[in-house]
Amino acid sequence: MTASRIVIVAGAGIGGLTAALALARNGFRVIVLEQTERLSDTGAGIQLSPNATRALIELGVGERLQPHMIAPTALRVLVGRTGREIVRIPLGEAAQRYGAPYWIVHRGDLQAALAAAVAQQRDISLKLGMRMDDFATHAHGVTVSASGSAGLWHEHGHALIAADGLWSDSRARIGFKEPPRFAGRTAWRALVPTSEVPPELREPLVHLWLGRDAHLVHYPVKAGKMINVVVITTDSWNAPGWSAPASRIDLLPRIPAERWAPQARALVRQPESWLKWALYDRRPISNFCYGAAALVGDAAHPMLPFLAQGAAMAIEDAVVAARCLARMPDDAAGALKSYSAVRRARVRKVQRLAAKNGERYHLGAMPAMLRNAAMRAMGGERLLRHYDWLYDWRPPAALSIN
């Protein structure tokens with residue numbers, strides 16, 4: 001394998017595995033380094049909007065996801081206190097105008113489908129139990145050092161794609177050393193067997209309940225066998241690390257009976273055990289690359305979950321980075337500079353809108369009434385059209401080097 005055709009990917013999450021598939025499709029040999037000994041099948045549900053599913057289908061992952069995914073017919077937005085429907089945004093046939101479906105899946109199922117597709121590619125080598133320790137860019141590409149269960153490892157490659165997540169070491173190595181900052185919100189996540197919820201909650205819908213200082217999201221996953229439940233609260237964080245086990249006893253006081261409809265609280269009572277996660281973000285950066293190394297996904301631009309675009313933006317990044325490298329095969333640094341320029345404005349817009357949604361979701365009293373009235377007046381079809389710019393995305397035909 002010649003170094004001029006090797007691209008090294010750090011991280012085997014959604015962004016890293018998608019990057020590996022996109023790079024292999026564009027003629028590169030790929031080495032993926034993942035510090036864990038095995039890819040985990042744990043996690044929460046993920047909403048995959050058409051901008052993401054289009055890319056996954058083109059990479060051959062769509063068929064692998066079919067047995068596990070749900071295609072929701074709509075997003076129901078509800079008043080948390082009463083359970084009254086504010087608006088229903090169509091996601092089924094209406095979303096097909098984007099040329100790709102809207103899917104909901106479990107993160108573990110998505111990662112398993114990506115990993116299975118990677119395993120079928122002889123041009124991709126996945127090295128588990130190997131942590132990238134350092135890298136150096138130079139005129140001829142990049143040199144990467146790693147260590148792990150197989151000992152020390154060094155490789156020279158054409159480029160490095162760093163998909164090492166929110167707490168990215170790679171981000172610090174290219175000069176952005178400010179740590180993630182707590183966003184003042186905590187996400188509580190659990191799965192409930194579908195058989196244990198009322199029939200109306202089993203429908204192929206995404207439910208979004210809006211309340212004061214909290215909101216609730218739930219939808220079916222695992223081919224309809226489980227309900228993914230997420231409660232996001234305005235909160236503080238005192239636990240070590242950024243995730244911790246929790247219980248319904250911890251959560252229920254945050255959605256009090258006087259503010260939440262009985263059916264919402266009944267759903268939250270179902271799981272005895274929860275996992276809670278501190279939500280973090282980072283200040284936007286102007287450049288996602290340094291020479292022949294580039295950041296993708298949360299390493300470049302972590303997303304708050306209020307627009308359901310974290311996975312989608314990582315998938316988009318991966319596809320664009322691979323195409324840029326393929327179109328400028330003799331200049332990895334120039335290709336990744338182009339990638340950064342192409343992606344910067346779009347991901348920043350998504351970050352801003354996600355943060356704004358986080359504020360809108362948790363309004364109380366009169367501001368919430370005005371928000372609800374505005375949404376009802378617009379209606380679901382008009383609200384969906386507001387996201388045409390997001391869902392109808394395709395990789396750009398032209399490259400920028402600004």
Side-chain angles (χ1 to χ4, degrees), residues 1-34 55-56 58-61 114-128 130-148 150 152-164 170 173-174 288-297 299-300 314-343 395-401:
M1 185 187 310
T2 61
S4 63
R5 300 305 295 172
I6 297 173
V7 177
I8 300 162
V9 175
I14 292 168
L17 293 176
T18 304
L21 291 170
L23 287 161
R25 173 158 294 203
N26 281 279
F28 292 97
R29 305 289 296 274
V30 186
I31 301 172
V32 182
L33 304 176
E34 169 55 44
L56 293 172
E58 289 176 356
L59 290 172
V61 181
L114 288 165
V118 162
Q120 293 297 310
Q121 289 282 341
R122 62 184 211 177
D123 286 335
I124 303 176
S125 172
L126 174 58
K127 295 183 178 294
L128 297 175
M130 294 296 291
R131 174 186 174 87
M132 186 179 72
D133 296 322
D134 205 356
F135 65 87
T137 63
H138 41 73
H140 302 292
V142 63
T143 301
V144 174
S145 301
S147 61
L152 299 179
W153 180 89
H154 303 276
E155 184 66 72
H156 173 62
H158 181 61
L160 167 68
I161 301 298
D164 49 352
S170 305
R173 289 191 181 97
I174 70 171
F288 303 152
C289 65
Y290 179 79
L295 308 171
V296 300
I315 290 166
E316 288 186 14
D317 285 352
V319 170
V320 173
R323 291 195 179 195
C324 288
L325 286 166
R327 292 177 188 175
M328 301 175 68
D330 299 321
D331 183 7
L336 294 178
K337 183 178 179 181
S338 176
Y339 150 76
S340 180
V342 165
R343 296 297 296 157
L399 299 181
S400 170
I401 57 173

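Sequential numbering from 1 along the given sequence is applied to the chain's residues. Given the structure is predicted, the values throughout are model-derived calculations rather than measurements. Any value given below was found using the heavy atoms of this structure, including those in side chains, with hydrogens, waters and symmetry copies removed.
Between Asp123 and Leu23, the closest side-chain pair of non-hydrogen atoms is not below 4.5 Å. Within the 4.5 Å cutoff, the side chain of Tyr339 has no heavy atoms near those of the Ile161 side chain. Looking at Val142 and Tyr290, their side chains never come closer than 4.5 Å, going by heavy atoms from C-beta outward. Residues Leu336 and Leu325 meet the side-chain proximity criterion, which asks for heavy atoms closer than 4.5 Å. By the 4.5 Å heavy-atom criterion applied to side chains, Pro396 and Val320 are counted as neighbours. Counting heavy atoms from C-beta on, the side chains of Met132 and Leu160 come closer than 4.5 Å. In this structure the side chain of Leu33 reaches within 4.5 angstrom of the side chain of Val144, judged on heavy atoms.
Nearest heavy-atom pair across Ala22 and Ala318 is CB-O, 4.0 Å. Between Gly15 and Ala163, the shortest heavy-atom distance links the atoms C-CB, 4.1 Å. Looking at every heavy atom in both residues, His154 comes nearest to Ser145 through ND1-OG, 2.9 Å.
Remark: side-chain polar atoms of Arg131 are not paired, donor with acceptor, to backbone N or O of Gly148 under 3.5 angstrom. In terms of modelled atom types and a separation under 3.5 Å, the side chain of Asp317 and the main chain of Gly297 share a donor-acceptor contact. Side-chain atoms of His140 do not come within 3.5 Å of backbone N or O of His156 as any donor-acceptor pair. Between the side chain of Asp133 and the main chain of Ser147, a donor-acceptor pair closer than 3.5 Å is present.
When the options Cys324, Ser338, Ser340 are evaluated for a side-chain contact (heavy atoms from CB on, under 4.5 Å) with Cys289, the one that passes is Ser340. For the side-chain contact (heavy atoms from CB on, under 4.5 Å) test with Gln121, the passing option among Leu126, Leu21, Val30 is Leu21; the others fail.
We find the CD1-CG distance between Ile315 and Leu56 to be 4.0 Å, quoted to the nearest 0.5 Å. Separating the CD atom in Glu155 from the CD1 atom in Ile8 is a distance of 5.5 Å, to the nearest 0.5 Å. The distance from the CZ atom of Phe28 to the NE2 atom of His158 is 5.0 Å, given to the nearest 0.5 Å. Rounding to the nearest 0.5 angstrom, the gap separating the CG atom in Asp164 from the CD atom in Glu34 is 10.0 Å. For the atom pair OG1 (Thr143) and NE2 (His138), the distance works out to 3.0 Å, reported to the nearest 0.5 Å.
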